[in-house]
Trainee: 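Pasting a structure here, questions to come.
Note that this is a predicted model, so its numbers are computed, not measured. Here is the naming used below: chain letters follow the sequence lines, and residue numbers restart at 1 for every chain.
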Amino acid sequence: GAVVSQHPSWVICKSGTSVKIECRSLDFQATTMFWYRQFPKQSLMLMATSNEGSKATYEQGVEKDKFLINHASLTLSTLTVTSAHPEDSSFYICSARDQGLKNTEAFFGQGTRLTVV
Amino acid sequence: AQSVTQLGSHVSVSEGALVLLRCNYSSSVPPYLFWYVQYPNQGLQLLLKYTSAATLVKGINGFEAEFKKSETSFHLTKPSAHMSDAAEYFCAVSERGTSYGKLTFGQGTILTVHP
């Protein structure tokens, strides 16, 4: 099956620094990837849709200048949390869909646990 | 706009008992529906999906779900619970077409299995 790899699995950073999270589709091409955020004991909320070669589409309420998304190739999207603060601590999960196949679901990465201290 | 409601944030069953996790959806167009399982600090694993073929969908690990349009429901069941089924379960709905894969999730249901 399709594999999506997310790196790192966990990261601790100091308040005010930036953190980059990578999402890679290992065995398929993904023109579209999705970034979700999950607060402790809560559901997943879509943050943005990452489109290869164009700007990401952000959901209402998500600060595009704080959560920078870059989708520079058909297999890689990155999410950079800029000037991180403790309230940004969360579980971030990406998903990617093989656009070449009809009716296939998006596959999820293993998630990244971000802790800002 | 689409939405998903999972009834019951916590469900507790005995090992060997029936598992029933409830999901109702709201969608202005025929939806695609999914059930995912999440273990602590891990990503999501797809259990099953409904994409307008058979209304009774069989998934992995003995789970199945039935799409009932009249009730706007997509409840997840398993005849006999195992200890390894203890996890959090999410129901999700997706749009079709170019937005397929963009998911709206329910609040999640934590399943506890007692020996």
Trainee: Using heavy atoms and a sub-4.5 Å threshold, report which of residues 49-62 of chain A line up against chain B, by residue number.
Mentor: A:Thr49, A:Glu59
Trainee: Would you name the heavy atoms of A:Ile21 and A:Pro8 that are closest together and state the gap between them?
Mentor: CA-CD, 4.4 Å
Trainee: Would a distance-only check, ignoring hydrogens and angles, find a side-chain to backbone donor-acceptor pair under 3.5 Å from A:Asp27 to A:Val3?
Mentor: yes
Trainee: Quick check: closest heavy atoms across B:Trp35 and B:Leu76, and the distance to 0.1 Å?
Mentor: CE2-CB, 3.4 Å
Trainee: May I ask you to decide if the ring planes of B:Phe74 and B:Tyr50 are parallel, tilted or perpendicular, using 30° and 60° as cut-offs?
Mentor: tilted
Trainee: According to a 4.5 Å side-chain heavy-atom criterion applied to Ile, Leu, Val, Met, Phe, Trp and Tyr, with indirect links allowed, do A:Val117 and A:Phe91 form part of one hydrophobic cluster?
Mentor: no
Trainee: Tell me, out of B:Lys102, B:Glu88, B:Gln45, who's got the most heavy-atom pairs with chain A below 4.5 Å.
Mentor: B:Lys102
Trainee: Within a 6.0 Å radius of atom CZ on B:Arg22, are there more than 12 heavy atoms belonging to other residues, nucleotides or ligands?
Mentor: no
Trainee: Evaluate the ring planes of B:Phe67 and B:Tyr25, with Trp represented by its six-membered ring, and classify them as parallel (under 30°), tilted (30 to 60°) or perpendicular (over 60°).
Mentor: parallel
Trainee: Can you get from B:Phe90 to B:Tyr32 by hopping between Ile, Leu, Val, Met, Phe, Trp and Tyr side chains that sit under 4.5 Å apart?
Mentor: yes
Trainee: Which atoms of B:Leu44 come close to chain A, meaning under 4.5 Å heavy atom to heavy atom: side chain ones, backbone ones, both, or neither?
Mentor: both
Trainee: With a 4.5 angstrom heavy-atom cut-off, which part of B:Leu103 approaches chain A: side chain, backbone, both or neither?
Mentor: both
Trainee: Against chain B, work out which of A:Val4, A:Ile93, A:Leu44 has the most heavy-atom pairs shorter than 4.5 Å and name it.
Mentor: A:Leu44
Trainee: Please flag which part of A:Gln6 lies under 4.5 Å from any non-hydrogen atom of chain B: side chain, backbone, both or neither.
Mentor: neither
